[in-house]
Amino acid sequence: MRIFVYPGSFDPVTNGHLDIIDRAAKLCDKLIVAVLVNRSKAPAFTMEERVSFLEQVLSGRDNVEVIPFSGLLVDFMKKHNATTVIKGLRAVSDFEYEFQMALLNKNLDPEIETLFMMTNIKYSYLSSSAVKEIASYGGNIRDLVPEQIVDQIYEKLRKK
Ligand code: ADP
């Protein structure tokens, strides 16, 4: 069984993430969406909220599972018998960081491969930070995130 892992903070999940998830899920038997706990900057949404958004959006996709994770990605991979890390690339600016992470992970565990998927051109400008910024001023995020979570995002971020 081929198990892939797509790690990220998903703060919140966007249509760009969803596009990568759907495309990656076709390449494996099971895709684990690994939601990062430890990040230097505090997330806008709690772990529970980020996981809940993903679960609402991904319900019905039976080979995709959402699991929180902290610590080293290579340890998480081993624990879940996963072989491959999936990363999305939007622009050259994503490359340097992802290049370093892929090489570091390769060094920690040579068995693990990192697979990069190019963004869908429609979502090349899309990031969670942009969604948060726009939502906080009441701007339209309906084309940027899945419909099920639009109101929940406004609820939390819209400046009173
Ligand atoms: P962000 O960079 O939006 O804060 P994450 O840290 O949650 O998002 O990113 C998780 C993964 O998803 C990374 O591999 C990132 O490159 C990828 N990703 C994020 N947004 C997009 C997008 N619009 N198109 C393709 N990949 C994306």
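First listed ligand is number 1; within each ligand, the first listed atom is number 1.
Inspection of the E55 and S59 side chains reveals no N or O donor paired with an N or O acceptor under 3.5 Å.
Less than 4.0 angstrom separates some heavy atom of G16 from each of these atoms of ligand 1: 22 (C), 23 (N). The contact set between ligand 1 and P7, taken as ligand atoms under 4.0 Å from a residue heavy atom, comprises 10 (C), 11 (C). Within ligand 1, counting atoms from 1 as listed, the ones closer than 4.0 Å to a heavy atom of S9 are 5 (P), 6 (O), 7 (O). For ligand 1, the atoms lying closer than 4.0 Å to a non-hydrogen atom of F10 are 7 (O). Counting the atoms of ligand 1 from 1 in the order shown, those under 4.0 Å from a heavy atom of Y123 are 22 (C), 23 (N). Near Y6, the atoms of ligand 1 lying under 4.0 angstrom from a non-hydrogen atom of the residue are 11 (C), 12 (O), 17 (C), 18 (N).
The existence of a salt bridge linking D75 and K79 is excluded, since no basic side-chain nitrogen approaches an acidic carboxylate oxygen closer than 4.0 Å.
For ligand 1, the polar-atom distance check against I20 finds no nitrogen or oxygen pair separated by under 3.5 Å. Remark: ligand 1 and T119 share an N or O pair separated by less than 3.5 Å (distance only, no angle test). For ligand 1, the polar-atom distance check against S127 finds no nitrogen or oxygen pair separated by under 3.5 Å. Between G8 and ligand 1, no N or O atom pair is found at a separation short of 3.5 Å. Polar contact check, L126 against ligand 1: a nitrogen or oxygen pair lies under 3.5 Å apart. Checking only distances, H17 does come within under 3.5 Å of ligand 1, N or O to N or O.
Within the structure, the closest approach of S124 to ligand 1 does not fall below 4.0 Å when heavy atoms are considered. Using a 4.0 Å cutoff on heavy atoms, S129 does not count as a contact of ligand 1. Not a single heavy atom of T14 sits less than 4.0 Å from an atom of ligand 1.
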Between side-chain atoms of residues 134-144 and protein atoms elsewhere (two or more places apart, or another chain), which donor-acceptor pairs fall under 3.5 Å?
| residue | atom | partner | partner atom | Å |
| --- | --- | --- | --- | --- |
| S136 | OG | E133 | O | 2.8 |
| S136 | OG | K159 | NZ | 3.2 |
| N140 | OD1 | R142 | N | 2.9 |

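Residues S128 and H17 share a closest heavy-atom pair of OG-CE1, 3.4 Å. Nearest heavy-atom pair, L31 versus A25, reported as atom, atom and distance to 0.1 Å: CD2-N, 4.2 Å. When all heavy atoms of F45 and P12 are compared, the pair lying nearest together is CE1-CD, 3.9 Å.
Taking E98 as the reference, K87 meet the side chain to side chain donor-acceptor pair (under 3.5 Å) condition, with sequence neighbours excluded.
For K87, heavy-atom contacts with ligand 1 shorter than 4.0 Å involve the backbone as well as the side chain.
Looking only at side-chain heavy atoms (C-beta outward), L72 and K78 stay at 4.5 Å or farther from each other.
In this structure, F95 and F99 have parallel ring planes: the angle between them is below the 30° cut-off, well short of the 60° mark.
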Starting from the C-alpha separation in whole Å, work towards a yes-or-no answer on side chain to side chain contact (heavy atoms under 4.5 Å, CB included) for T83 and F4. CA-CA 6 Å; T83 55; F4 289 7; 3.9 Å; yes
